[in-house]
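Here's the structure, in structure tokens; my notes come after.
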Amino acid sequence: MIKANEFLELCKRHQIDFFSGTPCSYLKPLINAVIDHDDIDYFGATNEGDAVAMVCGAYLLQRKGVVMFQNSGLGNAVNPITSLSFPFRFPYIIIVTHRGQPDGPPDEPQHELMGQITEEMLDTMKLKWTYFPDNMEDLTKALNFAVNYMEDSLQPYVFVLRKGTIEAQELKKEKPEIPIGVRNVDFHENLTKKYSERFSRTEALKVIVGLKKEIDGVIATTGKTGRELYTLSDSANNLYMVGSMGCASSFALGAALCDDQKRWLVIDGDAAVLMRMGNLALVGSLSPRNLIHLVLDNEVNDSTGGQMSISSDTALAGVALACGYKHVYSTDKLEDLEAALIGNTIADGPVFIHFRIKKGSPKDLGRPKIKPFEVKERLMKYLAEN
């Protein structure tokens with residue numbers, strides 16, 4: 001067995017200091033140790049995929065990361081691992097537990113199938129992996145190999161953690177005894193335009209582009225939002241998500257937590273927000289003051305043929321307010337959108353702007369001609385220079 005803090009000290013030697021993940025009993029010693037650690041940050045996520053996206057966002061600011069979760073949650077992370085990490089070339093360490101391993105101790109029935117196919121899934125995703133060593137000599141060598149592999153390939157490296165590899169460690173940090181007290185969530189939504197009278201995504205993006213600042217980092221969600229932003233105004237401080245639907249806000253959250261001198265603007269979609277709504281609670285809890293989360297809501301899945309989402313029945317700004325966003329807006333008027341963007345500075349967040357639009361985009365809409373990893377590298381260079 002090894003001690004959790006011994007692994008963390010190895011990580012520190014390699015400047016690996018941004019951890020995220022979701023709990024598992026096998027991970028308890030590691031998670032407890034990193035929560036109690038003074039020099040390493042841990043941000044628990046509500047979903048394994050959002051943990052992956054947060055670590056990728058932190059990498060924009062040169063922060064090396066580790067994401068930890070149970071193998072039952074590996075499925076939740078497949079999308080961002082394959083459609084965010086791979087095309088954008090984000091390196092980080094994944095520690096995935098091996099619940100239900102065929103030759104291991106008895107486990108719960110829900111782990112049986114995943115226990116049988118964990119290694120096969122990692123191979124299918126073309127992830128380099130090994131078992132988490134149970135002694136410091138082998139762990140030191142394995143981590144050195146992992147770091148070198150990540151530097152060369154710009155891809156994740158996986159450690160499969162089996163039961164009994166790490167000594168038990170109790171959590172020292174206690175939950176505050178302060179009572180939550182009275183909460184009064186008062187939200188009024190007043191939308192007056194007929195659907196056909198709403199503004200288009202293009203018109204909304206023109207307002208955003210006109211008000212964007214040099215200190216802003218702009219993350220556009222997958223689909224037509226990123227494509228339209230690229231067509232209207234390609235810029236070094238833009239990043240156009242591909243795939244990883246729903247992860248734009250968690251990706252920007254990771255960046256915002258590592259750089260509070262810039263305003264991070266997420267341009268999201270209604271279906272994407274609904275897909276990973278749990279991240280709204282995480283943003284509200286961590287409360288980055290420099291994050292603006294703007295949802296362009298056309299109430300349909302525009303990129304895939306216009307199938308309806310359920311956002312017409314959901315007051316997303318009210319949800320964000322209940323989750324802890326400091327300021328929320330819901331409107332279908334361009335002047336209100338402009339006022340919200342102008343009125344919220346780098347210290348006012350997190351801010352949530354729910355802007356209702358109609359479906360449709362330019363007929364000749366193209367796609368970015370710059371590859372995803374080139375977009376990432378361009379943005380990283382911009383951030384380093386500014």
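Under the 3.5 Å distance criterion, the side-chain polar atoms of Thr130 are left unmatched by any main-chain donor or acceptor of Phe159. A donor-acceptor pair under 3.5 Å is absent between the side-chain atoms of Asp332 and the main chain of Leu191, judged by distance alone. Looking only at distances, a side-chain donor or acceptor of Thr331 sits under 3.5 Å from a matching main-chain atom of Lys333. The backbone N or O of Ser250 sits nowhere less than 3.5 Å from a side-chain atom of Asp50 that would complete a donor-acceptor pair. Between the side chain of Ser200 and the backbone N or O of Glu203, at least one donor-acceptor pair lies under 3.5 Å. For Asp36 (side chain) and Lys172 (main-chain N/O), a donor-acceptor pair under 3.5 Å exists by modelled atom type. A donor-acceptor contact shorter than 3.5 Å is absent between the side chain of Asn238 and the backbone of Asp234. The backbone N or O of Ser235 sits less than 3.5 Å from a side-chain atom of Arg378, completing a donor-acceptor pair. Looking at Asp17, its side chain never comes within 3.5 Å of a backbone N or O of Cys11 through a donor-acceptor pair. For Asn32 (side chain) and Gln169 (main-chain N/O), a donor-acceptor pair under 3.5 Å exists by modelled atom type.
Atom CG of Leu161 and atom OH of Tyr26 lie 9.0 Å apart (nearest 0.5 Å).
Cluster annotation: Val300 and Leu365 are assigned to distinct hydrophobic clusters (Ile/Leu/Val/Met/Phe/Trp/Tyr, side-chain heavy-atom contacts under 4.5 Å, transitive). Under a hydrophobic-cluster definition in which Ile, Leu, Val, Met, Phe, Trp and Tyr are linked whenever side-chain heavy atoms come within less than 4.5 Å, directly or via other members, Leu286 and Ile35 are assigned to different clusters. Cluster membership for Leu280 and Val52, using ILVMFWY side-chain heavy atoms within less than 4.5 angstrom, is shared. The hydrophobic clustering, which links ILVMFWY residues whose side-chain heavy atoms are closer than 4.5 Å, places Leu265 and Met380 together. A single hydrophobic cluster is not seen to contain both Ile215 and Leu253; linkage of ILVMFWY side chains at heavy-atom distances under 4.5 Å, directly or through other members, places them apart.
In this structure the side chain of Phe18 reaches within 4.5 angstrom of the side chain of Val55, judged on heavy atoms. Between Arg13 and Leu10, some side-chain heavy-atom pair lies under the 4.5 Å cut-off. Glu299 is not listed as a side-chain neighbour of Met308, based on a closest heavy-atom distance of 4.5 Å or more. No side-chain heavy atom of Asp259 sits less than 4.5 Å from a side-chain heavy atom of Leu60. Looking at Glu167 and Ile2, their side chains never come closer than 4.5 Å, going by heavy atoms from C-beta outward. Phe43 has its side chain within reach of Asp41: a pair of non-hydrogen atoms, C-beta onward, lies under 4.5 Å apart. Looking at heavy atoms from C-beta onward, Tyr59 lies in side-chain contact with Leu154 at the 4.5 angstrom threshold. Side-chain contact between Ile292 and Ile353: present, with at least one pair of heavy atoms (C-beta onward) separated by less than 4.5 Å.
No hydrogens or angles considered: nothing links the side chains of Ser244 and Asn79 as a donor-acceptor pair under 3.5 Å. Defined by atom type and a distance below 3.5 Å, a donor-acceptor pair is present between the side-chain atoms of Ser309 and Asp270. Residues Ser361 and Lys224 have side chains that bring a donor and an acceptor to within less than 3.5 angstrom of each other. No side-chain N or O of His327 forms a donor-acceptor pair with one of Asp348 less than 3.5 Å apart.
Stacking of Arg89 on the aromatic ring of Phe373 is recorded, both the 6.0 Å distance cut-off and the 45° axial limit being met. Relative to the ring axis of Tyr240, Arg227 does not place its NZ or CZ within 45° and under 6.0 Å from the centre.
When the shell of 6.0 Å around OH of Tyr230 is examined, it contains more than 12 heavy atoms from other residues, nucleotides or ligands. Lys193 NZ: more than 12 foreign heavy atoms inside a 6.0 Å radius. By the 6.0 Å contact criterion, NZ on Lys28 is open, its count of non-hydrogen atoms from other residues, nucleotides or ligands being 12 or less. Within 6.0 Å of the CD1 atom in Ile342, the count of heavy atoms belonging to other residues, nucleotides or ligands exceeds 12. Counting heavy atoms of neighbouring residues, nucleotides and ligands inside a 6.0 Å radius, atom CD of Glu335 exceeds 12 of them. Around atom NZ of Lys206, no more than 12 heavy atoms belonging to other residues, nucleotides or ligands sit under 6.0 Å away. Counted within 6.0 Å of CD on Glu137, heavy atoms from surrounding residues, nucleotides or ligands total 12 or fewer; the atom is thus considered open. Summarising the local packing, CD of Glu197 is surrounded by more than 12 heavy atoms from other residues, nucleotides or ligands at distances under 6.0 Å.
Screening Lys359, Arg201, Lys358, Gln307 against Asp302 for a side-chain hydrogen bond (donor to acceptor under 3.5 Å, both in side chains) leaves a single residue, Arg201. For the side-chain contact (heavy atoms from CB on, under 4.5 Å) criterion with Met121, the lone passing option out of Thr118, Asp123, Ile117 is Ile117.
Classified by interplanar angle (parallel below 30°, tilted 30° to 60°, perpendicular above 60°), the ring pair His98/Tyr131 is parallel.
In this structure, Tyr157 has its ring center at least 6.0 angstrom away from the ring center of Tyr92.
Note on Lys12 versus Asp39: salt bridge recorded, some NZ/NE/NH1/NH2 to OD/OE distance being below 4.0 Å.
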